[in-house]
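In what follows, a structure is listed as structure tokens, so that the remarks can point back to it.
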Amino acid sequence: RKLSRGNWTTTQRILRFLVLGWCMWAGIILLIWGRSAPAGDAYSVYSLARNLALGNTSVIHPTESYISYYPQQIGLIAFWEMIMRVVNLLPTDLHAYHFIKLLYCVLACVIVFFQEKIVHILWRNPKIDCLYLILAATNVPLLMYTSFIYGEIPSYAATTIGIYLLFRMFSNRKVSSAIGCLFFLALSGMLRKNSLIFIIAIVLVTLLWALYQKRAGLLCFCVACVVSATTVLPFVEQIYEYRSGNEIQSGVTATSYFAMGMQEAPRSSGWYNAFNYNTYQQSGMNPDIANEISRRAITERLAYFKENPAYAASFYLEKYLSQWVDGSYACRQASLAVEGGRNNFFHELYSGKYSKYLIVYCDFYQNIMYLGAFLFCLAGIKKTPKAEEAFRLFRENYDWRKPIRSLGVRGSDLVTEHYFEQIDLFSGIEFREKQMKVDAAVDMIRRRFGFYSVQRGLMHFDRHLSALDAKSDHTVHPHGYFG
């Protein structure tokens, strides 16, 4: 038996509760038995935040500080410092990153909750909402990233809330939604600079929507979004420069990252090989010299690719397959570092015999997602007849508490008053315009003085039938009476 909309809504609520509970429970299990610890860049950021939380501002140094090489991490440092100041008040000797991982479990639930709301806004279909919840519950990389002490989870959570508020702003046009959206998008960029990719996409979509809807206010929102996203990190930098009394350098240049992406690396083509760090250090932390070195490296690699096209194709194929077709999204490698030893099962899952099954599952999940998105786009191309679409919307939104005797559908305001009109051979344009003015005048009089203020003379032959106001006293009537 097919579920009614009311039953689907109940199913959706139960499923939402189960999925959010599962995400929280799985994150806590990883916290207790997975025992991932910060390493590499994550440990450097964590160590800076810990020292700053203890009042040691000497860790911010113009030349000898990690933050002078990677100043884009200052936002995440500020976020963690606030958390650690709270943890320092607790009577515990546990590392603060355990509490950060617990917070990330909550933020993973926030991501799922608000993404479900976004899905509902887009499709208004509880079946699709339930499908999303199932996919979210089986998204292993998201669950494993709750143990990765870095900026991905909090930044993604802020981005998700920002996108939800963006859709709310599109519909309710409230200033509060716009302000909330700007705040969370700026926060996402502060926590992880890579989130600028989402912000750029959001600005482009909003610009198109503003042009389509002819809403100048959305153009102002786009400007505010760009300004807030690009100024939040410099603002936080200035705060820490003021606190420490030291200047924070501009850091490793973007050109050196681009050059590094064209080089071989121990792990795979185009991966990290320390070129950006070494170049910046060799240049004496001079961004102009570092950029010049990077540009020469780019020129050399382009010349080599031109001389060896087969190698260039193989290089970028390997880079694409290793970076963009990794179904696990490096969730295993990112949380591989451990402190105090792991449970045997999780040891095998991260680096033992079970790891290959994890990789196969993640690849399968990613392929299902890509294939589903492709088929969904194909299905969207098929145009549904208006009557069928209207009846589908009615079935999905009516609770069936009372039976329906009659249902009518019509379209109105499909074109503007200045749009072209199809005229006929038997009446002139002047007569048509006069008739439209008469109808408009009658409607205006009836709105001011009531329906019975203007009637046709024929209606006076039968006072009983002429007392019927089909628009105000309707029970069953042609839908055309609605104006």
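Throughout, numbering of the chain's residues begins at 1 and tracks the sequence.
The main-chain N or O of L135 is found under 3.5 Å from a side-chain atom of Y365 such that the two form a donor-acceptor pair. A donor-acceptor pair is defined here as one N or O able to donate and one able to accept, closer than 3.5 Å; no such pair exists between the side chain of K101 and the backbone of I149. At distances below 3.5 Å, at least one donor-acceptor pair connects side-chain atoms of S351 with backbone N or O atoms of H347. Side-chain atoms of Y272 never come within 3.5 Å of backbone atoms of M260 as a donor-acceptor pair (strictly under, hydrogens ignored). The main-chain N or O of K353 is found under 3.5 Å from a side-chain atom of E348 such that the two form a donor-acceptor pair. Here the side chain of R85 pairs a donor or acceptor atom with the backbone of L52 at under 3.5 angstrom. Between the side chain of R446 and the backbone N or O of V454, at least one donor-acceptor pair lies under 3.5 Å. Panel note: side chain S44, backbone G40; a donor-acceptor pair is recorded below 3.5 Å.
A 6.0 Å sphere centred on OH of Y156 holds no more than 12 heavy atoms belonging to other residues, nucleotides or ligands. The number of heavy-atom neighbours closer than 6.0 Å to OH of Y316, taken from other residues, nucleotides and ligands shown, is above 12. F17 CZ: 12 or fewer foreign heavy atoms inside a 6.0 Å radius.
Two residues are said to be in side-chain contact when any heavy atoms from C-beta on lie closer than 4.5 Å; R173 and R215 meet this criterion. At a threshold of 4.5 Å between non-hydrogen side-chain atoms, the residues F346 and I29 count as touching. Residues S268 and E318 form a side-chain contact, since some pair of their non-hydrogen atoms from C-beta on lies under 4.5 Å apart. Looking at N276 and Y70, their side chains come closer than 4.5 Å, going by heavy atoms from C-beta outward. Looking only at side-chain heavy atoms (C-beta outward), V438 and E433 stay at 4.5 Å or farther from each other. Proximity of L133 to V119: side-chain heavy atoms (C-beta onward) are nowhere separated by under 4.5 Å. Between F449 and M444, every side-chain heavy-atom pair lies at or beyond the 4.5 Å cut-off.
Geometrically, R342 engages Y350 in a cation-pi contact defined by less than 6.0 Å to the ring centre and at most 45° from the axis.
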Subject >> Full working for side-chain contact (heavy atoms from CB on, under 4.5 Å) between M190 and L187 >> reply: CA-CA 5 Å; M190 184 191 86; L187 179 62; 3.7 Å; yes

Subject >> Residues L349, Y357; criterion side-chain contact (heavy atoms from CB on, under 4.5 Å); working and verdict >> reply: CA-CA 8 Å; L349 184 66; Y357 300 114; over 6 Å; no

Subject >> side-chain contact (heavy atoms from CB on, under 4.5 Å) evaluation trace for M169 with K174 >> reply: CA-CA 6 Å; M169 181 189 69; K174 289 184 178 180; over 6 Å; no

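For the 3.5 Å distance criterion, the side chains of Q366 and Y361 fail to qualify, holding no donor opposite an acceptor. Between the side chains of S155 and S195, a donor-acceptor pair is found at a separation under 3.5 Å. Y150 and Q73 share a donor-acceptor pair across their side chains, judged by distance under 3.5 Å alone. Looking at S147 and S36, their side chains never bring a donor and an acceptor atom within 3.5 Å of each other.
Interatomic distance, CD1 of I67 versus CD1 of I77, reported as 3.5 Å (0.5 Å rounding). Residue L89 holds its CG atom at 13.5 Å from CE of M84, rounded to the nearest 0.5 Å. Within the model, atoms CD1 of I100 and SG of C105 stand 12.5 Å from one another, a figure rounded to the nearest 0.5 Å. Remark: L143 CG to W22 CH2 distance equals 6.5 Å, nearest 0.5 Å. Atom CD1 of I202 sits about 7.0 Å away from atom OG1 of T206, to the nearest 0.5 Å. Atom CD1 in I32 sits 11.0 Å away from atom NE2 in H98 (nearest 0.5 Å).
Summarising the geometry of V203 relative to C225, their closest heavy-atom pair is CG2-SG, 3.9 Å, with the distance given to 0.1 Å.
For the ring-ring contact (aromatic ring centres under 6.0 Å, His included) with F114, the qualifying choice from F184, F167, Y164 is Y164, the only one to do so.
Ring pair F345/Y354 is tilted by interplanar angle, where 30° to 60° counts as tilted.
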